[in-house]
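What you see is a predicted model, and the numbers here were worked out from it, not measured in a lab. In what follows, chains carry the letters A, B, and so on, assigned in the order in which the sequence lines appear, proteins first and then strands, with residues in each chain numbered from 1.
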Amino acid sequence: MCRSCRLTRRWRHNMLYSKLLIPTLKEDPAEAEVISHRLMLRAGMIRKVAAGIYTYLPLGWRTVRKVAEIVRQEMDKAGAQEVMLPAVQPSELWKESGRWDYYGKELLRLKDRHDREFCIGPTAEEVITDLVRREVKSYKQLPMNLYQIQTKFRDEIRPRFGLMRGREFIMKDAYSFHKDKESAEAEYWNMYETYKRIFTRCGLNFRAVEADTGNIGGSFSHEFMVLAETGEDFIASCDSCDYAANVEKAECRPPEVVDTRRVPRDMLDEDDGGELKPIEKVHTPGKKTVEEVAEFLGVKTSKLVKTLIYKYARGVNAIPPLRETPQLRALFPDHGMGVAVVLVRGDHEVNEIKLSKILETSEPIELADEETVRRITDAPTGFAGPVGLSGIAYADDALRGMKNFITGGNEADTHLKNVNTRDFQASYFDLRNIVSGDACPKCGAGKIEIFKGIEVGHIFMLGTKYSEAMKCMFLDDDGDNKPMIMGCYGIGVGRTAAAAIEQNNDKNGIIWPAPIAPYEVAVLPLNINDKGVMDAATEIYESLKKAGVETVLDDRDLRPGFKFKDADLIGFPVSVVVGEKNLKDGLVEVKRRSTGEALKVRVSEAARKAGEILTK
RNA sequence: CGGGGCGUAGCGCAGCCUGGUAGCGCACACGGUUCGGGACCGUGGGGUCGAAGGUUCAAAUCCUUUCGCCCCGACCA
């Protein structure tokens with residue numbers, strides 16, 4: 001409870017609105033697009049210094065500190081120890097882990113006066129691993145979980161959305177070290193539960209979802225997603241079991257391949273009748289997209305199969321995707337590039353993360369340019385199809401359940417009807433994004449729903465990736481020297497504050513969950529020149545302060561409307577309105593920001609009532 | 001990096017096409033009237049027109065270069 005934490009007492013001195021730096025804006029700043037960014041600027045919480053780099057003003061910083069304090073308390077309670085690692089880190093450590101070369105431009109590099117290379121830490125696996133390998137030698141010292149709350153820097157290609165995606169940002173990062181897998185897994189789930197407590201305490205509506213491990217490496221991971229319309233991530237969630245995963249990661253359940261002879265005719269697609277029909281060429285002048293073709297032929301997009309040509313840097317162990325025809329050799333003489341023909345149902349999307357894993361490439365894959373498509377298919381883009389192409393295509397599992405579908409004809413203005421899997425060579429994989437309505441990959445019975453979310457936390461089981469690369473070893477009880485097993489656990493502190501706003505706002509401004517509101521209560525004397533009003537307001541303000549409630553007294557000589565607008569914009573969970581009219585009857589209003597509901601209570605009751613609303 | 005757009009007072013914008021006194025609203029200061037949902041009247045202060053170069057008698061305006069920022073995409077613990 002923040003009302004009782006030590007910080008509160010220190011913050012008590014200056015809570016007169018007229019003395020606080022809260023530069024609210026009446027108009028929307030031109031630079032801000034998303035709600036949290038706009039409201040944080042308007043409420044005077046943050047100001048931009050450069051692209052993706054912000055100053056936190058008093059209100060913004062108080063909220064950040066509150067989130068950080070909740071994180072700190074829960075991490076400590078979970079047995080982790082707080083440390084502070086350097087923001088500027090030497091290149092040697094990054095070279096040791098291999099990430100100096102791998103991390104790319106996102107790593108902000110700099111040189112000191114002696115021309116030595118450094119980076120500004122985007123994360124701290126290297127530094128922490130270096131610390132632990134020096135100081136921890138024995139299994140008796142393990143497990144150990146160390147964390148810090150620090151400013152990080154990632155030179156994002158395109159910073160945007162204010163604190164949601166800055167380049168400089170505040171992150172809590174924790175790293176755990178273990179003697180064996182069991183211990184590491186136990187800590188992983190310990191953190192999983194800790195994160196649930198943290199985001200619950202922040203008053204957020206969130207889901208923990210299975211996630212891709214990204215380039216940090218490791219074996220399994222969960223993301224903590226705040227549910228919000230403006231989220232950049234898509235979450236697949238089962239409506240009957242507890243399965244939830246990032247769409248990037250969610251596996252699709254392969255279709256049941258039905259034996260059409262045993263299925264009643266009316267269960268089958270109207271025009272396939274269970275029979276595999278012969279291929280038929282159709283003229284489709286200028287119809288390139290799935291939607292155009294489907295409309296032109298009067299069928300659903302799910303009757304089509306999209307043929308996508310991808311270019312990628314081939315991994316050393318990868319199987320050649322296409323037979324090495326002379327044509328291909330001519331196209332890619334360096335052998336470093338591969339081309340993959342990918343087939344998915346017309347209404348599905350290729351999941352490029354799944355695809356790159358299958359292709360065993362770490363470089364980004366991309367759709368081939370028009371020229372390459374033309375050379376592979378002998379046709380302009382929009383008319384590619386698998387039939388007649390040399391080599392083996394990568395086909396999505398969903399195709400195995402399809403019959404008599406439509407594909408491109410590898411010829412301008414031509415498509416093929418009644419294509420079947422017998423008509424081309426393909427290997428089948430799960431390589432599409434899961435969609436709403438799909439069967440749940442876990443329980444099979446439920447249906448998948450898709451939600452949007454904001455990633456505020458991510459936990460990883462790292463394994464020995466860093467400990468092996470950096471020789472972070474310990475002596476086990478069997479006398480063997482072994483690499484430690486690691487886990488790492490991040491929380492975007494600023495992003496959590498922004499996500500809270502995305503989830504809790506209305507047309508008037510922010511509606512803070514009380515635990516992370518910059519202040520808990522605003523006392524609004526509507527006319528500071530009326531002695532009765534001011535005395536009552538001061539009395540309420542003093543008793544709230546005495547009770548440890550973080551309260552602002554709006555002592556500005558402004559019209560009531562102004563004070564109401566500011567209070568709503570800033571989002572104080574509770575305001576106490578002291579006006580002449582009600583005061584004649586000895587009453588003031590206690591208003592809850594979230595619902596707008598206002599209770600008239602006696603002056604002497606106001607502080608208690610406000611506190612009561614806060615704890616509810 | 002590809003595509004689109006914007007830099008004019010603290011904020012939001014007009015002026016630019018068609019070159020000639022730099023303007024509006026909000027904010028700020030002062031005076032007055034107001035005072036329960038961003039009041040009104042009056043007065044006032046504040047601008048290297050992002051920067052550099054060029055064209056011109058004359059450039060916010062036309063040309064070139066450059067920097068910054070925003071949006072879409074690619075990318076992302």
Between [atom2] on [N] and [atom1] on [X], what's the gap in Å once rounded to a whole number?
X        : N     : atom1 : atom2 : result
A:Arg167 : B:C76 : CZ    : P     : 18 Å
A:Leu25  : B:C26 : CG    : C1'   : 11 Å
A:Arg38  : B:C71 : CZ    : P     : 12 Å
A:Asp554 : B:G37 : CG    : P     : 15 Å
A:Glu31  : B:C71 : CD    : P     : 9 Å
A:Glu580 : B:G37 : CD    : P     : 13 Å
A:Arg593 : B:G37 : CZ    : C1'   : 12 Å
A:Ile528 : B:U34 : CD1   : P     : 17 Å

Have a look at [X] and say if it touches a base, only the backbone sugar-phosphate, or nothing, with a 4.0 Å heavy-atom cut-off.
X        : value
A:Phe169 : base
A:Arg42  : base
A:Asn582 : base
A:Glu589 : base

Counting heavy atoms from C-beta on, name the nucleotide in [options] closest to the side chain of [X].
X        : options             : answer
A:Ala51  : B:C70, B:C71, B:G38 : B:C70
A:Asp566 : B:G38, B:G36, B:G12 : B:G38
A:Phe562 : B:C76, B:A39, B:C72 : B:A39
A:Lys26  : B:G38, B:C76, B:C71 : B:G38
A:Lys565 : B:C70, B:C75, B:G38 : B:G38
A:Arg158 : B:C35, B:C71, B:A27 : B:C71
A:Glu27  : B:C75, B:G36, B:G12 : B:G12
A:Asp568 : B:C72, B:G36, B:G37 : B:G37
A:Glu156 : B:G37, B:G73, B:C76 : B:C76

On a whole-Å scale, what distance lies between the [atom1] atoms belonging to [N] and [M]?
N     : M     : atom1 : value
B:C72 : B:U18 : C1'   : 34 Å
B:C11 : B:G38 : C1'   : 15 Å
B:G68 : B:G50 : C1'   : 7 Å
B:U8  : B:C13 : P     : 10 Å
B:G10 : B:G47 : C1'   : 12 Å
B:C75 : B:U56 : C1'   : 47 Å
B:G46 : B:A22 : C1'   : 13 Å
B:C67 : B:A52 : P     : 15 Å

Margin query: If you assign each of A:Pro29 and A:Glu352 to its closest nucleotide in RNA chain B, which residue comes earlier from the 5' end?
Written below: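 Looking at the nearest nucleotide for each, A:Pro29 comes out on the 5' side.
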Margin query: Both A:Asp28 and A:Leu526 contact RNA chain B. Which one's nearest nucleotide lies toward the 5' end?
Written below: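 It is A:Asp28 whose nearest nucleotide is closer to the 5' end.
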Check: NZ of A:Lys105: more than 12 outside heavy atoms within 6.0 angstrom?
Finding: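 Incorrect, the count does not exceed 12.
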Could you tell me which nucleotide pairs with [N] by Watson-Crick or G-U wobble geometry, both distances under 3.5 Å, or answer none if nothing does?
N     : result
B:G36 : none
B:C6  : B:G68
B:G25 : B:C11
B:C30 : B:G42
B:A59 : none
B:G73 : B:C1
B:C16 : none

Check: Between A:Lys591 and A:Phe564, is NZ or CZ placed under 6.0 angstrom from the six-membered ring centre and within 45° of the ring axis?
Finding: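 Verdict for A:Phe564: a cation-pi partner in A:Lys591.
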Notebook entry, point to check: For A:Trp100, is the NZ or CZ atom of A:Arg109 found under 6.0 angstrom from the centre of its six-membered ring and inside 45 degrees of the ring axis?
Noted result: yes
Note to self: Is the base of B:G37 stacked against the aromatic ring of A:Phe564, taking ring centres under 5.5 Å apart and planes under 30° as the test?
What the structure shows: yes
Minimum heavy-atom distance [X]-[Y], with the two atoms named:
X        : Y        : result
A:Thr464 : A:Met484 : CG2-O, 3.6 Å
A:Ala208 : A:Ala244 : O-CB, 3.8 Å
A:Ala606 : A:Val576 : CB-CG1, 4.2 Å

Check: Do A:Met470 and A:Arg133 touch side chain to side chain, with heavy atoms closer than 4.5 Å?
Finding: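 Contact flag for A:Met470/A:Arg133 side chains = yes.
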Check: Hey, does the side-chain of A:Arg165 have a donor or acceptor N/O within less than 3.5 Å of a partner on the base of B:C76?
Finding: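 Such a pair is found, so the answer is yes.
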Notebook entry, point to check: Between A:Lys48 and B:C70, does any side-chain N or O lie under 4.0 Å from OP1 or OP2?
Noted result: yes
Next item on the list: Determine: side-chain N/O of A:Arg559 to OP1/OP2 of B:G36, distance under 4.0 Å, yes or no.
Entry: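 Answer is no, no contact under 4.0 Å.
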Notebook entry, point to check: When you check the glycosidic angle of B:U21, does it come out syn, meaning within 90° of 0, or anti?
Noted result: syn
Checklist line | Lys/Arg-Asp/Glu bridge criterion (N-O < 4.0 Å) met for A:Asp555, A:Lys19 | finding: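 No, this pair does not count.
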Note to self: If we check ring pair (Phe, Tyr, Trp, His ring centres under 6.0 Å) with A:His222, which of these qualifies: A:Phe206, A:Tyr489, A:Trp189?
What the structure shows: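 Of the listed options, the one satisfying the test is A:Trp189.
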